[in-house]
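The structure under discussion appears below in the form of structure tokens.
Just so we're on the same page: letters track the sequence lines, and every chain starts at 1.
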Protein chains: 2
Amino acid sequence: MEDVIRSLGFLCLGSRLKRIGEQLQADTQRVLDRLDVQVQSSQFPLLAALDRLGPLPVGELAQSLGIAQPGVTRSVSLLAELGLVEVGQSNNDQRRRIVSLTRDGRRLVDVAKRDAWPRIEKAVADLCADLSGPLLDQLAAIEDGLAAVPLDRRAERTGAAVQ
Amino acid sequence: MEDVIRSLGFLCLGSRLKRIGEQLQADTQRVLDRLDVQVQSSQFPLLAALDRLGPLPVGELAQSLGIAQPGVTRSVSLLAELGLVEVGQSNNDQRRRIVSLTRDGRRLVDVAKRDAWPRIEKAVADLCADLSGPLLDQLAAIEDGLAAVPLDRRAERTGAAVQ
DNA sequence: CATTGTTATATACCATGTTATTGATTTGCG
DNA sequence: CGCAAATCAATAACATGGTATATAACAATG
């Protein structure tokens with residue numbers, strides 16, 4: 001069965017990138033599930049942003065994640081319900097709501113940084129290890145690579161086995 | 001403001017691909033809007049699949065697009081309401097519903113093939129023209145390129161101006 | 001040939017992104 | 001100062017993806 005998106009090349013590059021991205025996120029989710037991390041893979045960028053940059057107002061969080069502000073508002077509400085982040089008022093501007101990691105959030109990030117992120121990063125790096133050449137070829141190689149050995153199986157094989 | 005997704009490299013590759021894909025789709029949408037095409041850019045892969053492969057049952061359509069079947073069912077309902085596709089029963093298997101382009105759908109595809117797709121393809125090819133090297137670098141170049149000159153402005157400049 | 005399993009599609013519900021709008025502050029200027 | 005404009009966040013409404021499940025038709029077997 002022909003893969004139409006792939007055949008159409010540049011014309012459907014957007015759909016294709018989105019499709020590969022979703023695939024990667026889903027696979028990453030499986031790695032996290034296996035490590036008993038209770039957060040959706042898609043929430044990690046937000047947690048990572050707070051980890052890297054410290055407490056931030058909603059708008060700046062949106063900017064640093066490259067997504068629209070309502071998306072951040074929603075994720076923050078969700079993570080706040082899980083007790084991983086909390087929102088406080090700014091002192092000098094009552095409109096701004098500063099988001100920060102709670103103690104639990106901090107702990108989760110630390111665990112993830114130690115156990116999960118290195119595996120995931122290594123698995124993706126493994127997937128992309130031998131890529132070169134034109135973008136479309138690299139994307140095809142990623143798709144084929146994921147189909148051959150899903151990310152979560154690449155994550156099992158630690159350090160030495162990779163590359 | 002630091003772009004956290006970009007900084008995290010392979011760790012957030014999924015989020016990043018998704019983000020770039022969405023950006024590209026949104027820009028493509030603007031090109032289509034300007035050409036008075038009345039369909040969401042995200043529906044075009046389905047129309048293109050029917051154009052390339054002829055009438056197909058829902059499941060095979062899903063396979064050839066690389067998305068899950070319910071997504072196809074939804075898109076087909078939408079496009080059927082717009083009168084662009086129609087569904088018929090298979091002769092030998094009453095479960096299968098064969099999706100095909102209507103006359104209007106055929107016409108839309110023909111117009112798009114003539115007017116829109118070449119522009120879009122050229123604009124994306126322009127965006128990706130000088131890319132080389134590691135995947136993450138190419139992605140960064142795409143993001144920077146889109147930020148500098150959005151796809152819809154690249155599509156204005158026809159043939160000669162490109163590359 | 002009836003029951004059981006499989007397959008094809010539809011439906012329900014959820015996740016996560018978007019844009020447009022609203023409401024509350026803050027800013028800036030006459 | 002006082003009011004218009006700008007800014008920040010929340011909400012609503014929509015788009016589009018997913019998984020899980022229901023339903024209907026077909027296949028296969030005792």
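If you take CD of A/Gln23 and P of D/dT16, they are 21 Å apart, rounded to a whole angstrom. We find that CD of B/Gln29 is positioned 13 Å from C1' of C/dT19, with the value rounded to whole Å. Separating the CG atom of B/Leu46 from the C1' atom of D/dG17 is a distance of 14 Å, rounded to the nearest angstrom. For the pair A/Phe44 CZ and C/dA15 C1', the interatomic distance rounds to 16 Å; values are reported in whole Å. Atom-to-atom, CG of B/Asp93 to P of D/dC26 comes out at 5 Å; the value is rounded to the nearest Å. For the pair A/Lys18 NZ and D/dT16 P, the computed distance is 7 Å after rounding to whole Å. Nucleotide C/dG17 holds its C1' atom 19 Å from the CZ atom of A/Arg19, rounded to whole Å. Rounded to an integer number of Å, the gap from B/Gln25 CD to D/dT16 P is 8 Å.
In this structure, A/Arg30 does not pair ionically with A/Asp33, as no charged nitrogen and carboxylate oxygen lie closer than 4.0 Å.
A close approach under 4.0 Å does not occur between any side-chain nitrogen or oxygen of A/Gln40 and OP1 or OP2 of C/dA15.
The shortest side-chain heavy-atom distance between B/Asp3 and A/Leu65 does not fall under the 4.5 Å cut-off. No side-chain heavy atom of A/Arg106 sits under 4.5 Å from any side-chain heavy atom of A/Val111.
Each of D/dA15, D/dC26, C/dT26 was ranked by its minimum atom distance to the side chain of B/Ser42; first place goes to D/dA15.
Side-chain atoms of B/Arg95 come within donor-acceptor range of the base of C/dT7, with a qualifying N/O pair under 3.5 Å.
For DNA chain D, no neighbouring residue in residues 138-147 of chain B is found when judged by any heavy atom under 4.0 Å. Contacts of residues 48-76 of chain B with DNA chain D (heavy atom under 4.0 Å): B/Ile67, B/Ala68, B/Pro70, B/Arg74. Within a heavy-atom distance below 4.0 Å of DNA chain D, no residue of residues 2-16 of chain A is found.
Residues A/Gly83 and A/Asp104 approach most closely at O-CB, 3.7 Å, considering heavy atoms. For the pair A/Leu17 and B/Gly21, the tightest heavy-atom approach, listed with the atom from each and the gap, is CB-CA, 3.9 Å. Counting all heavy atoms, side chain and backbone alike, B/Val4 lies closest to A/Pro45 at CG1-O, 4.3 Å. Scanning both residues, B/Ser41 and B/Gln29, for their nearest heavy atoms gives N-OE1, 2.7 Å. Heavy atoms only, all atoms of each residue included: A/Ala148 and A/Arg153 are closest at O-NH2, 3.8 Å.
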Can you list the steps and then say if A/Arg103 with A/Glu86 is a salt bridge (charged side-chain N to carboxylate O under 4.0 Å, His left out)?
-> CA-CA 10 Å; A/Arg103 194 143 53 90; A/Glu86 60 194 350; over 6 Å; no

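With values rounded to the nearest 0.5 angstrom, A/Leu61 atom CG is found 11.0 Å from A/Gln69 atom CD. Rounded to the nearest 0.5 Å, atoms CG (A/Leu135) and SG (B/Cys128) are 5.5 Å apart.
Placement of A/Leu79 and A/Ile98 in two distinct hydrophobic clusters is found when ILVMFWY residues are connected by side-chain heavy-atom separations under 4.5 Å, directly or transitively.
If you check every strand for non-hydrogen atoms under 4.0 Å, A/Gln89 touches nothing.
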